[in-house]
Every structure is written in structure tokens, then in C-alpha cells.
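Every heavy atom of this structure was used, including side-chain atoms; hydrogens, water molecules and symmetry mates were not. Both ligands and their constituent atoms are indexed starting at 1 by order of listing. FYI, the numbering just counts along the sequence from 1.
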Amino acid sequence: MNASISSIPLKGLYCNSLTDYSRYLTREVFIGHIPMGANNPIRIQSMTTTDTMDTIGTVEQTIRMVDAGCEYVRITAPSIKEALNLTQIKNELRARGYDVPLIADIHFTPNAAEAAARIVEKVRINPGNYADKKRFDQLEYTSFEYEAELERIYKKFTPLVQVCKEYGTAMRIGTNHGSLSDRIMSYYGDTPGGMVESAMEFIRMCESLNYFNLVISMKASNPQVMVQAYRLLVETMNKEGMNYPLHLGVTEAGDGEDGRIKSSVGIGTLLEDGLGDTIRVSLTEDPELEAPVAIALAERYKHRTQLVKDGVNSSIPVPIGFSPYQYTKRTTTELNTFVGGHQVPRVILDLSKSSLMDPQILAAAGYLYSPLLDKFNMAEQSVDFIYLADQLPSFNMPGNLKQLYDYSTWLKIVDKKNMHPLFASWNVYQSAQIKDQYLNLVQVSNKDLLQYPNAFKILSADKTLVFVLTTDQSHGMADQRQFFFALENTGIQTPVIIKRSYTSKSDVLEQQDKRDSDFQLYSSTDVGALLLDGFGDGIWLNSAAVSAKTIVSTSFVILQATRCRISKTEYISCPSCGRTLFDLQETTQMIRSRTSHLKGVKIAIMGCIVNGPGEMADADYGYVGMGPGKITLYRGKEVVKKSVNKDNALDELIDIIREDGNWIEMEV
Ligand code: SF4
């Protein structure tokens, strides 16, 4: 890694710098022969989806995962039987020349954990259910009862620690937002603070037993919760003199574009902060498809240079009142009830290179033209602005679509309704004689603000102004975060649209999937991180390597993943594992095909009743495997119908949604 590594975290904070790149130094932990943490590369891993008793199936899937780039492979061990079968799996892998370290995934079963710890290189335990049955009782705990329960857990947990010490086995203490113990819930609720304490209790027990071979994770399906929990964990460990490596992941991220974007908003934000020693991307897809996504995310940091080395001052003070541990939207001026203030973040699409002869061109922007009716219909994801530079369209634009033109072109337009100027720089704007009376968008960069802070103060008095923030830095997120910090520190409330432009390393057209994927991963990381900070009144993504349709859907999915603007149904689907009771990919597609129009509804699709209900966190409805061919349906965390035949389960789920008044018919 070329990245600078410092061991001095910001006082009272969770990383070395909020405004520059610096990888956070953690303790080195060996997982078999492959170490993680410290100066080691960010490691890639994933989990099998086969039945652990299917030795050959598991071995062959593991091999596909290793060939795809996995450096560690996790396998579920729901009971002692599967734990013991890890010996056969390991032997077969070694016989085939694969020495990949294996990790046993444990929930509820200490005896399986102890058996597995004698066989594989690492065990993962969930502190929410290692020694507890999840009861959802919301029990009240007195401090005496709380301590007594910790004592009981200590006794149950100690034998596993002893085995790990004896066999040199590592351990991941893997907290999940949705499966916190009743004890933690009673004291902390399902908060990032509760997630951190859930892990810290087990870490402290390990340390009291002189066992330090630990890796920690704080997963949630909501990237906002996940990011806050990891940050709080590092700060808490830091205060207690600990620096265990971090395993990053967004759990139940889903599939396709949604899964990739949600994962990179969460994982990417933390990587930008300099955190993370290993990555697992959880997709409801074949596990060998996860490694390339994780590799693409990690690769960006191999050659990441610091802004300070590029001549940018990175010592901007953190604004008073800014907290990386809780979401607060930056206060901005609301302009013409459209941008800033309480308005949802706006989306801009650049169509300046498209032919503006045919109204169908706007389909990519979410405006579907009907020649018969000579009118446009808005799709769920329709952009708010299109940028046309100096091109004037030869058809009438939809009434609710705002158009942006370069200033010199805008000046020449006679009827300026819905048309606004884009100024190339702040000084062009300052010297302009004629301006729009409603909205003026001005391109600026962090460097401009650093050099001319007084000019920005003067500009900010103008209540028609929107900044379009660009960056040309390799660590663009930190560069743009500096800009927001500087605005906050000077009390400037002008709305800001975050603009990012991407080029592709690959010019090979056959690699369009890779180009789309890289664009989605990197833009979600860069813009998602700022939106999670509460920064940004809109986004404007550009890339010549991907289609306008991809740019628009990526923009809206980023806004949805950061919970800033909801434009479609959200699916929280588990990645599946050896416990899964139905074909998750097929079932997810089937449910999606009939519910994808339910804007804002969150539906969880979980493969098993053991962990599914606990892990579906904040879903509105749950579709959970109960037994072969049987499904249990949930409203939030409440069971509504048990053991429904899988052939009727989706209809029954729709009935429940209908009963709640959340159903609408799909438009044909
Ligand atoms: S919820 Fe899904 S991934 Fe989690 S244990 Fe059950 S089947 Fe496996």
C-alpha cells in the first residue's frame, strides 16, 4: 500500500483525518497464514451459500470464490454436525491445492463454535446470540441483572476463547444491527451505541483472558447506521487502548445495482475515512460475484495520495456541532421552494452531448413521451434539471423539468421560463451584469474557497445562488468535505450540488458491465459519504463511459441508500448461506416483479427463520423461510402468518400490505 499510515488518531475522533486520506493503523491479526490489519492490504472475503454437509459442493464453490479473488472464505456451521464436517471440506481443499483460510460462521451454538475453532483458522460469533436466545421481550434489566447476565455469558464464552488460544484460531466478533440481545436492547435500544457495546462486552472478556486475535464488525442493512456504528466502535476502542482490525460490510444489501450501491455507500464511506482491513460485500447473487466488487472498492486506496501532498491545505477545523456519529442535514437556504432547505436533494443530468431533435431522448431522464397524446409522463426516477450547455431543444420540454444552459447561451434565450444559467466560475458570476431572478448555479471548487474566502462570503448574501461543487483531486470526497466544513465554519448557508465526473480505465466496449459497476461503486462512495454527513442539496454525476440511464438510476439509488430521497421499494435480502430454505435469487426477483412500484416500502426476504427475523432490522414486511416449502410473513417484527405454503406466500404478503393501506396497483 502506498497510502500514508499514521498511528495517531484525531483526539476524540475515530480516524486520523476527516479532511485528508490517511489509513488508520490497526493491530495485525493472522488468519491462518494470511495476516490482516496493520500495513497489510485490505483483504477480500465472502461466504459460501451451499449446505455445509455437501462437502464437494462447498469445496467447489469455495474454489470458485478463491479464483474470483477471495482471500478468506466463510462457511456456516449451524450445529456441531456441520462444524465437524469442516474437517472434510478443509482436507478436500488442501488436497486440491487450495490453502485459503476458512472461517466458521456461528449463531447460537457454542458447542459448534468450539468444535470449529479446532478445525478452521477463524470463527465468527454474533455477540447478540452467542449465549442468548433472542426473545424480543423488551425486558427491563436492573444493573444487578445486567451484570449477572454478563457473568453467565463469560462462563459460556470462556471455553471458546481457550480453544482459540490453544489452536491459534482468530475470532471475529460480528455485531449485527438487527440481532442485538434483549439485554443490550433494554439499555441502549437498537442504536449504533448499542451495537458497539454489544461487541465491546465480548472484546473486554477476550482481553481479560489474554486473547487478542480479534477482528470486529458492525453490520447493518442501513448504511447510515452501519457507518455510525463503525466510527463509534473505533472511537470507543481508541479510548480503551484497543486497535483491532475492522471487517467492513453492509448486511442484506440485496442484488444488482441496489446491492452494489448500498454496499459502497457504507463500505466506501469508511474506506474514505481510512478505516477497514477486510471487506465482504453481501449480495443476493452467487458468492463468486461478490469478490470483484470488493476488489474494485479496495483497489482505489492502493495508490491514494494525500491532498496535502497535492498542495491542498487539509487542516480545516471540524465545524462546531458536526458529528460523524449522527445524521444532521446541513442547514441551507431554501431557494424558490425548489433547492436547499427542506427540499429533497435534486438530481441533474447532462444531456448536452445528446441530439435534442427527438423528445424520446428524455426517457433516460425519466420523462416518457407519448406521441399520441403529445405529452410527457414522469417515471418514479425523473431528474429535476437537465444541463444542455449551448444546445436549444427543438421540442417543448415537460413543464416541471428545469433546464440549465451555459450563461452566454442563457442570456440569448427570450422566454426563460424554467431555464437557468450555469456560470463557469465564481468570478464570472461576480462580474455578470444580468442574472436570473430565480436560480443561478455557479461552478466552484474547494481551491476557490481556500483562495478567496471573502468573495464567497459576499456571494453568499445572494439568495438565488446555488454552488455546483467540483473536484479534480484523487481524494475528491475529502476535498469536497473540506469545502463543506469551510462553509459551515464561516456560516455560509448557500445550497450545494455535489458534482463528480468519472472516466473509465477500460475503453473496451465488451467491458460495459465493469464500466457500469465501477461508476456505480465510485460515485456511491464519493457522494454517499458526503450525503451521510448531511452535506449536499443535490447530485450531478457525469461519465462518458456509461449511459444516461445508468447515471440517473445510480443517482437515485445513492439518494435512497443514504435515506435522503426515497424513489422506489427497498429490498433487504440476505445473501443466503447453508441455512437457506429457498432459492433467494429467484424469490427476490419474483417478489420484486410484483412490488417494485411500492415507493418507500421496505421488504425483507430472508432465507431462514433462525437469523432472518433478527437480521431484517427496520423492514416494514418480512418474507422468511420457515421450513422446506414454508414461509412465515412478518409485519415489522411481528409474525402475521406462519408456515404459509410458498406458492401462496407472495399473494398473502400482498394481502397484508393491502390491509395496511400500503398497496397500490401497478400501472401497466
Ligand atoms: S438469514 Fe440468510 S444468510 Fe442469514 S443465516 Fe439465514 S439464510 Fe443464512
Item to check | Protein contact of atom 5 (S) of ligand 1 - nearest heavy atom, named by residue and atom, plus distance | outcome: Asn611 ND2, 3.1 Å
Checklist outcome for this item: Of Gln560, Gln520, Lys568, the one forming a side-chain hydrogen bond (donor to acceptor under 3.5 Å, both in side chains) with Asp258 is Lys568
Item to check | Test item, Val610 contacting ligand 1 (heavy atom, 4.0 angstrom) | outcome: no
Next on the checklist: Under a 3.5 Å threshold, yes or no: a donor from one side chain and an acceptor from the other, between Thr49 and Gln61?
Outcome noted: yes
Item to check | Closest approach of any protein heavy atom to atom 6 (Fe) of ligand 1, naming residue and atom | outcome: Cys608 SG, 2.3 Å
Checklist entry - How far is atom 8 (Fe) of ligand 1 from its nearest protein heavy atom, and which residue and atom is that? => result Cys577 SG, 2.3 Å
Checklist entry - Quick one: is the NZ or CZ of Arg565 closer than 6.0 Å to the six-membered ring centre of Phe556, and within 45° of its axis? => result no
Checklist entry - Can you list the ligand 1 atoms lying under 4.0 Å from a non-hydrogen atom of Gly607? => result 2 (Fe), 7 (S)
Checklist entry - NZ of Lys646: more than 12 outside heavy atoms within 6.0 angstrom? => result no
Checklist entry - Identify the closest protein heavy atom to atom 7 (S) of ligand 1: which residue and atom is it, and at what distance? => result Thr580 OG1, 3.4 Å
Checklist entry - Going by the atom numbers of ligand 1, which of them fall below 4.0 Å from some non-hydrogen atom of Ser576? => result 3 (S)
Checklist entry - Can you list the ligand 1 atoms lying under 4.0 Å from a non-hydrogen atom of Arg579? => result 5 (S)
Item to check | N, O or S from Cys574 under 2.8 Å to atom 8 (Fe) of ligand 1 | outcome: no
Checklist entry - Is the shortest side-chain N to carboxylate O distance from Arg64 to Glu288 below 4.0 Å? => result yes
Item to check | Ring centroid separation Tyr130 to Phe157 under 6.0 Å | outcome: yes
Checklist entry - Short list, please: which atoms of ligand 1 are under 4.0 Å from a heavy atom of Gly612? => result 1 (S)
Checklist entry - Under 6.0 Å from the CD atom of Gln326, do we count more than 12 heavy atoms belonging to anything else shown? => result no
